[in-house]
Amino acid sequence: METLPELYTIFQGEVATVTEYGAFIKIPGCRKQAGLVHRTHMSSCRVDKPSEIVDVGDKVWVKLIGKEMKDDKLKLSLSMKVVNQGTGKDLDPNNVSLDQDERKKRTFRDYTSQKITLEAVLNTVCKKCGCKGHFAKECFMQPGGTKYSLIPEEEEEEVAAMGNEREKKTNLAENSSKKRKK
């Protein structure tokens with residue numbers, strides 16, 4: 001069997017075929033084996049048509065980023081975007097961007113089947129105790145016990161205090177105008 005490069009090694013290969021999803025690269029020293037550079041790994045920019053980036057016969061620098069056995073065939077994943085195409089220098093020596101790409105691909109659980117119910121309780125009045133802020137089914141007041149209600153927020157208290165001051169001023173103004181009329 002032919003010796004394949006180790007994982008995360010960089011080599012220069014020749015483009016064998018170009019497809020709509022990427023390009024197959026011939027691996028030097030191997031007659032039959034080729035690896036795929038998916039279009040997402042061709043450039044750090046978005047690539048819609050791989051044929052705009054590479055042509056058959058082009059020499060490109062690639063990094064071996066994955067090996068997978070599928071149906072008794074070895075599939076190799078390659079990346080061009082982590083290698084400087086002019087010099088062959090590794091642009092991602094610690095494989096940080098490859099790890100980030102893998103995290104982006106992870107699938108998340110589908111929570112759409114789980115029903116979420118939201119109940120607005122702030123402006124409700126309990127039918128059991130008459131207090132604001134909860135429903136009768138959630139009331140914990142014992143018959144003849146202490147009543148509990150929501151504590152007003154500071155802003156509400158300030159608004160109420162300002163309202164009381166305004167009422168006092170209007171009452172004083174009304175009283176003084178009544179005195180003048182007499």
Side-chain angles (χ1 to χ4, degrees), residues 1-124 132-140 150-156:
M1 186 170 177
E2 300 168 339
T3 58
L4 293 171
E6 291 293 317
L7 200 60
Y8 304 120
T9 56
I10 294 174
F11 56 89
Q12 191 174 29
E14 184 180 335
V15 177
T17 57
V18 180
T19 64
E20 61 191 36
Y21 52 86
F24 286 94
I25 310 295
K26 290 180 191 173
I27 296 173
C30 298
R31 288 183 294 144
K32 295 181 181 179
Q33 193 66 42
L36 173 68
V37 176
H38 193 266
R39 67 182 188 182
T40 57
H41 285 282
M42 286 188 158
S43 172
S44 56
C45 300
R46 182 181 171 93
V47 175
D48 291 324
K49 294 182 181 178
S51 59
E52 294 176 351
I53 304 292
V54 293
D55 288 320
V56 175
D58 286 353
K59 297 274 187 188
V60 292
W61 288 99
V62 291
K63 183 175 189 177
L64 181 62
I65 59 171
K67 293 181 180 181
E68 180 183 357
M69 284 297 288
K70 199 170 193 180
D71 301 328
D72 294 331
K73 288 186 177 181
L74 181 65
K75 296 194 176 207
L76 302 175
S77 300
L78 306 172
S79 177
M80 289 171 51
K81 74 177 179 181
V82 295
V83 182
N84 183 320
Q85 292 302 307
T87 61
K89 183 180 178 211
D90 193 354
L91 300 176
D92 187 25
N94 296 328
N95 305 316
V96 174
S97 69
L98 295 174
D99 289 342
Q100 289 173 343
D101 289 345
E102 283 299 315
R103 275 191 233 119
K104 288 178 189 175
K105 290 179 188 175
R106 288 187 186 147
T107 56
F108 295 97
R109 286 184 48 196
D110 181 20
Y111 291 104
T112 56
S113 61
Q114 295 179 355
K115 188 176 180 182
I116 297 173
T117 56
L118 300 174
E119 297 179 33
V121 295
L122 187 61
N123 295 325
T124 60
K132 282 186 173 183
H134 63 275
F135 294 112
K137 67 180 179 182
E138 296 163 350
C139 186
F140 53 87
L150 292 176
I151 299 172
E153 294 185 17
E154 291 177 14
E155 293 175 4
E156 292 174 5

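Only a predicted model underlies this, so the values are computations on that prediction, with no experimental measurement involved.
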**Request:** List in chain and number order the residues that pass side-chain contact (heavy atoms from CB on, under 4.5 Å) with Ser43, two or more places apart in sequence or in another chain; answer none if no residue qualifies.
**Result:** Cys45, Val47

**Fill in**
From the list Gln85, His41, His38, side-chain contact (heavy atoms from CB on, under 4.5 Å) partner of Met80 resolves to Gln85

**Request:** For residues 65-78, pull every pair meeting salt bridge (Lys or Arg N to Asp or Glu O under 4.0 Å), keeping only residues two or more places apart or in separate chains.
**Result:** none

**Item:** Partner set under salt bridge (charged side-chain N to carboxylate O under 4.0 Å, His left out) for Asp48, not counting sequence neighbours
**Value:** Arg46

Give the table of side-chain donor-acceptor pairs shorter than 3.5 Å for residues 5-13, with sequence neighbours excluded, one pair per line with atom names and distance.
from: Thr9; atom 1: OG1; to: Glu6; atom 2: O; distance (Å): 2.6

Under 3.5 Å, which donor-acceptor pairs do the side chains of residues 18-26 form with other protein atoms, sequence neighbours left out?
from: Thr19; atom 1: OG1; to: Tyr21; atom 2: N; distance (Å): 3.4
from: Thr19; atom 1: OG1; to: Gly22; atom 2: N; distance (Å): 3.2
from: Thr19; atom 1: OG1; to: Gly22; atom 2: O; distance (Å): 3.0

Less than 3.5 Å apart, which donor and acceptor atoms pair up between the side chains of residues 52-66 and the rest of the protein, not counting sequence neighbours?
from: Asp58; atom 1: OD2; to: Asp55; atom 2: N; distance (Å): 2.8
from: Lys63; atom 1: NZ; to: Asp90; atom 2: OD1; distance (Å): 3.2
from: Lys63; atom 1: NZ; to: Asp90; atom 2: OD2; distance (Å): 3.1
from: Lys63; atom 1: NZ; to: Asp92; atom 2: O; distance (Å): 2.9
from: Lys63; atom 1: NZ; to: Asn95; atom 2: OD1; distance (Å): 2.7

**Message:** Minimum heavy-atom separation for Lys81 and Thr40, please, with both atom names.
**Reply:** NZ-O, 3.5 Å

